Amino acid sequence: MQEYLKSLNENQREAVLHTEGPLMIVAGAGSGKTKVLTSRIAHLIHLGVDSFRILALTFTNKAAKEMKERIEHMLGNSEARNLYIGTFHSVFSRILRVEAERLGYPSNFTIYDTDDAKSVIKTIVKEKNLDDKTYKASVIYNRISSAKNSLYTYVQYQQDSDIQQEDARSNRPLIGQIFEAYSKRCFKNGAMDFDDLLVNMYILLSNFPEALSKYQMKFRYVMIDEYQDTNLAQYHIVKLLGAMHENICVVGDDAQSIYSFRGASMENIFQFQKDYEDVKVIKLEQNYRSTRNILDAANKIISKNENQIKKNLWTEKESGDKIRLVCSFTDNDEGKFVADAITELKIRNHQQNNDIAILYRTNAQSRAFEESLRRGNIAYKIYGGLSFYQRKEVKDFICYLRCVANPQDEEAIKRIINYPVRGIGNTTLNKISVFAQENNITYWQALNQLEAMGFKGATLTALQNFVMMIRHFQGLLDKKNAYELAEEIGKLSGLVKELYADKTVEGLARYENLQELLNSIKEYTETPTEDGELVERNLGSYLQQITLLTDTDNENDPDQNTVKLMTIHASKGLEFPNIFLVGVEETIFPSMMSMYDREDLEEERRLFYVAITRAKEKLWISYANNRYRFGSLVQNDPSRFIDELPAEMIDNSQGAKPRFNTPKAKGLFGNENAIQQKKVVNHTQTATHTATVNFKADDPAKLNEGMRVEHQRFGFGKIITLEGPMNNRIATINFDAPIGQKKIMLNYAKLSIVS
DNA sequence: TGCGCAGGTGTTTTT
DNA sequence: CACCTGCGCA
């Protein structure tokens, strides 16, 4: 038997050996999913399958990279280089570069990140003279994005009566029109947003039979990781790609489906089994990661969900430590507790920083921990937030590169036309926009007819100089490699000089970031091709791949020994010996947005499950009684998920009392009066109030002290005080027994006036 | 055109 | 609280 087969358990081996026909692997957390996928690919190559004909799609670059490295290691030769392994987005962008012409895009098309996309939407909203408060870019972007993820065109969007009614109800009836204008503008700009990479791939396969058969023949074996996170567009693409050979292998875990807000649908798992008659389903249920206490707790949690494929995840490991439940008085105390616990872990248990991760629900929660870790002299790294390429100075530079590679890219031109300052103001920009619109030409084409627009004097000279400069760069595109070109751009544009002149600390950091960017371009230019035949290492391909890179992906020095801080979403697929899961409080986790809907709540619970199953040996679950949010102090109950943990696996010695959380107040605060003594509340009880049938929230501005009101969860009560600014109003309400007095943030809570 | 200040406004989660 | 926007002034 081959070496790689020996180390597999029976089910894993069956999955590896089942190479022909549709296969679905339901892989529980920590059940060796990646091992199976990589072994399966190695096995295919052993059987003589041409490595060029294997496609594996993942959701993160990191997962793709890991798979590739592991296969390389297993094979011991360079065959792995020919494999098509990458994220949906990056693989499709490579294919679309080759096929761009069929779809009417330039092969150097730009990829718009979320910021670029929102900026285009803002422009359109302004052009249509709509109110940018009702038509907020983020809202519109989300509407358009979810439409695209369901393969809706703007025409279908405009004709769908449900959608139209929904938009009308939210007072935004013109989103369909904005969608249309946005699509047309992106196309004109030679740009695709993230969703377009999927949509256009779908269009390519469904409208161009030659393209379809080309890729169907090419990819004889198709593998999909994290299948539970695919959306409708991805589902259809996978189905089309695999239709000829039907050698499709999907790996997923319904219990870890946490991306429905991005259009992912667990339904795809169930649909897969219906789509193919001869589908083989294999479950991987042995967990190799966590101790039994941790695993049992996770199982208990997930069993509360109605919507799931039943699995029996088990382990041979010992029960291990109990889960430590920690209650702190404030968010800062929570930070301090974690820092202290980490120090202790390192001293007593000889753990490294690398062995430890702090997980939270939202990025904003990282601050208290950053502070406490810094104070405790513990090296850490935060994942998430802005990717390197989204930082202002880096993106400015990239926009130079973008408009050289693709002069249709209006967003890029507008961003740099007056940076560094060259006397081209807003009025001028607007004139150019209007001219381009009226004559139905691109922004760049308009810039090449300056006289026709009637510019004179200093403005004309400034514009002419800009256009000449960009043309000069474009002329170098074929003569110089990406790095040489970038160097020239840095010099001639004055950007490097501008940043160099700034000697403040931040200025220095910005200058260094720019140098780092130049280095990365250099590195890219000098690395030999290894990615299969479609990759060319020029400026265009460089630009396309960096837009798809996230913060988690540029792990420059992996041997850095740091504690890792990240959201639970970002932690998926990772494992650590020690996990601190923090901020486990109602309104944070489950999030305020997901508390009132069964499906949303189940997704939060899956998220909780994902968090717990990251831990190999030790797990802390922590919450605070008081924390600052939006600048004011709020009080949260411990999360309902804490109550769902099995009591016998919990170590309560850190003073945490999930059911009766009395604050251990001992003058930790200067302004004691500001903190309302919290009533002892069993919050499972608090949830028993069912809102009146016709419950309708009233405008918080109408509330007054002394009024009797109804709260959806806490029931009826009387307003004692109202305080804080109107945009963050806090009411102290004396609720009827057994709830008692509570502070309520009106931004979140919905109150209905009774009398 | 650019800068400083006041005021408003917002937090899920991400390729 | 922290960030962004818009406005008034130099």
Side-chain angles (χ1 to χ4, degrees), chain A residues 57-64 86-93 111-115 117 122 132-133 136-139 141-142 145 148-149 192-198 226 229-231 233-234 257-264 331 359-368 383-387 389-390 392 418-429 458-459 462 544-553 566-572 583 587-595 600 603-604 606-608 610-611 627-634 724-728 745 747-748:
Chain A
L57 297 175
T58 63
F59 273 82
T60 64
N61 293 298
K62 197 173 179 186
T87 63
F88 281 89
H89 295 266
S90 71
V91 168
F92 294 171
S93 93
I111 297 174
Y112 277 170
D113 65 22
T114 313
D115 287 338
K122 271 185 199 158
D132 60 359
K133 290 211 175 70
K136 275 203 308 198
S138 53
V139 174
Y141 177 79
N142 285 334
S145 175
K148 285 188 186 173
N149 285 327
M192 299 188 197
D193 66 18
F194 289 145
D195 304 316
D196 288 332
L197 293 172
L198 307 181
E226 308 276 15
D229 288 333
T230 52
N231 60 35
Q234 288 161 329
S257 159
I258 54 174
Y259 281 103
S260 73
F261 68 93
R262 223 170 69 191
D331 46 356
L359 306 184
Y360 35 75
R361 176 68 238 270
T362 67
N363 281 305
Q365 285 165 258
S366 66
R367 248 199 40 216
Y383 290 86
L386 280 192
S387 110
Y389 302 99
Q390 286 173 325
K392 188 191 172 299
N418 197 34
Y419 184 77
V421 178
R422 34 177 92 85
I424 303 174
N426 262 330
T427 329
T428 307
L429 293 184
T459 312
Q544 285 192 356
Q545 56 120 42
I546 59 170
T547 321
L548 297 172
L549 250 34
T550 59
D551 191 35
T552 332
D553 297 325
M566 65 187 91
T567 63
I568 303 164
H569 281 90
S571 77
K572 194 157 99 168
T587 76
I588 294 180
F589 196 13
S591 137
M592 180 62 70
M593 327 291 289
S594 321
M595 283 175 39
D600 289 348
E603 177 145 323
E604 294 282 311
R606 290 193 294 270
L607 195 55
F608 192 63
V610 168
R627 74 171 57 236
Y628 277 98
R629 245 177 145 186
F630 303 114
S632 52
L633 197 65
V634 292
M726 276 321 283
N727 64 1
N728 188 12
M745 286 183 89
N747 278 354
Y748 294 132

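Quick note on labels: first sequence line is chain A, next is B, and so on, each numbered from 1. Worth saying up front: this structure is predicted, and the values here are computed from it rather than measured. The figures here come from the full heavy-atom set of this structure, side chains too, leaving out hydrogens, waters and symmetry mates.
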Seminar exercise, completed: For A:Ser93 and A:Leu197, the nearest pair of non-hydrogen atoms, with its separation, is CB-CD2, 3.8 Å
Give one of base, sugar-phosphate or nothing for [X], where a contact means two heavy atoms less than 4.0 Å apart.
{"X": "A:Phe589", "answer": "nothing"}
{"X": "A:Ser90", "answer": "nothing"}
{"X": "A:Asn426", "answer": "sugar-phosphate"}
{"X": "A:Asn363", "answer": "sugar-phosphate"}
{"X": "A:Ile424", "answer": "sugar-phosphate"}
{"X": "A:Phe194", "answer": "base"}
{"X": "A:Lys133", "answer": "sugar-phosphate"}

Just how far, in rounded Å, is [atom2] of [N] from [atom1] of [X]?
{"X": "A:Arg262", "N": "B:dT12", "atom1": "CZ", "atom2": "P", "result": "16 Å"}
{"X": "A:Tyr383", "N": "B:dT13", "atom1": "OH", "atom2": "P", "result": "18 Å"}
{"X": "A:Asn142", "N": "B:dG10", "atom1": "CG", "atom2": "P", "result": "14 Å"}
{"X": "A:Asp115", "N": "B:dT15", "atom1": "CG", "atom2": "C1'", "result": "14 Å"}
{"X": "A:Asn149", "N": "B:dT15", "atom1": "CG", "atom2": "C1'", "result": "10 Å"}
{"X": "A:Phe630", "N": "C:dC3", "atom1": "CZ", "atom2": "C1'", "result": "13 Å"}
{"X": "A:Gln365", "N": "C:dC1", "atom1": "CD", "atom2": "P", "result": "19 Å"}
{"X": "A:His569", "N": "B:dT12", "atom1": "NE2", "atom2": "C1'", "result": "8 Å"}

Which listed nucleotide ([options]) is nearest to the side chain of [X]?
{"X": "A:Lys122", "options": "B:dG2, C:dT5, B:dT11", "value": "C:dT5"}
{"X": "A:Thr114", "options": "B:dT15, B:dG2, B:dT14", "value": "B:dT15"}
{"X": "A:Arg367", "options": "B:dT14, C:dC1, B:dG2", "value": "C:dC1"}
{"X": "A:Phe261", "options": "B:dT13, B:dT11, B:dG2", "value": "B:dT13"}
{"X": "A:Thr427", "options": "B:dT1, B:dT14, B:dT11", "value": "B:dT1"}

Problem set entry | A:Asn61 side chain vs A:Leu548 backbone, donor-acceptor pair below 3.5 Å | yes
Exercise. Within less than 4.0 Å of OP1 or OP2 of B:dT14, is there a side-chain N or O belonging to A:Thr60?
Worked result: no
Exercise. When the P atoms of B:dT13 and C:dC4 are considered, how many whole Å apart are they?
Worked result: 16 Å
Problem set entry | N/O donor-acceptor pair, side chain A:Arg361 with base B:dT13, under 3.5 angstrom | yes
